[in-house]
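Model, not experiment: these values are computed from the prediction. Basis for what follows: all heavy atoms, side chains included, without hydrogens, waters or symmetry-related copies.
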Amino acid sequence: MRLVVAGVIERSDRRLLICQRRRSDTSPLKWEFPGGKVEAGESPEAALARELREELTVTLEKCAEMGRTHHKYAATPEELEIRFYAVAIQENEVTPKCFEQTVWVLPKELGNYDFLAANAQLIAQLATGRLKPADFLAGSPT
C-alpha cells in the first residue's frame, strides 16, 4: 500500500485551490488537490509540506487531517491510501510549478471539474458543505 497526501487549501473567501494535471502526466488533465507520495522515513505532514513547497512554492503553516480513502487505479499495480488534509499556508499567492493550471473555486463549483476518481467522496462532502476545511484547522494545534 502506497501512502499519498493531499492538501485542501481554503482562502478567506472560502474558495479552494484545485490543480489540473499536465497533459503528459498519468490521468492527464484530471483535477486534484496538491500533494503526492510520502517517502520512506517521512511523516505524512512532512511529505505534505515538501510537496506543497515543490508544487506551489508555498509554506505549510498548519494542517489537520480531514479524511482518508483507499483507491486502486487501473494504471498502477498498488493500492493507494490517500490522506486529505485541511491546510493553511503562509503565502497569499501560489506559484504553480507542475500543473497545467490551478484555480480557486467555491465548494459548490467542485462538481464542474473532472477530478481523479479517488477524490469523489471528498468532493461530494466539500461541495455540499458537510466538510469545511476551516473547521478542521480551528481545532488543530499545529
At what distance, to the nearest 0.5 angstrom, does CG of N119 lie from CD of E32? 7.5 Å
Give the intermediate values and the outcome of side-chain hydrogen bond (donor to acceptor under 3.5 Å, both in side chains) for residues Q90 and E61. CA-CA 6 Å; Q90 290 181 359; E61 189 172 86; 4.5 Å; no
Evaluate the criterion salt bridge (charged side-chain N to carboxylate O under 4.0 Å, His left out) for residue pair R50 and E42; output intermediate values, then yes/no. CA-CA 10 Å; R50 176 183 50 75; E42 193 175 42; 2.7 Å; yes
Between E55 and P96, is there a donor-acceptor pair closer than 3.5 Å when you use the side chain of the first and the backbone of the second? no
Got L16 and I9 here, is their nearest side-chain heavy-atom distance under 4.5 Å? no
Side-chain H-bond candidate by donor/acceptor type, Q20 with T102, under 3.5 Å: no
Quick check for you: to the nearest 0.5 Å, what is the distance between K108 atom NZ and L126 atom CG? 15.0 Å
From the list L17, V87, L122, side chain to side chain contact (heavy atoms under 4.5 Å, CB included) with V8 holds only for L122
Candidate pair T59 and E91, rule side-chain hydrogen bond (donor to acceptor under 3.5 Å, both in side chains), full reasoning: CA-CA 7 Å; T59 306; E91 297 79 6; 3.0 Å; yes
If I take atom CD from residue E45 and atom CD from residue E65, how far apart are they, to the nearest 0.5 angstrom? 8.0 Å
Who are the side-chain contact (heavy atoms from CB on, under 4.5 Å) partners of A134, not counting sequence neighbours? E10
Cluster link I18 to W104, ILVMFWY, side chain under 4.5 Å: no
Donor-acceptor pair, side chain of S27 and main chain of K30, under 3.5 angstrom: no
Side chain proximity check, E78 to M1, heavy atoms < 4.5 angstrom: no
Salt-bridge criterion met for R15 and E109 (N-O under 4.0 Å): yes
Heavy-atom check, side chain of M66 versus side chain of P133, under 4.5 Å: yes
Check for me whether the distance between the ring centres of Y85 and F33 falls short of 6.0 Å. no
Is a salt bridge present between R83 and E81, judged by a nitrogen-to-oxygen distance below 4.0 Å? yes
Would you find a donor on one side and an acceptor on the other, under 3.5 Å apart, between the side chain of K62 and the backbone of L137? yes
Output yes when E100 and R21 qualify as a salt bridge under the 4.0 Å nitrogen-oxygen rule, no when they do not. no
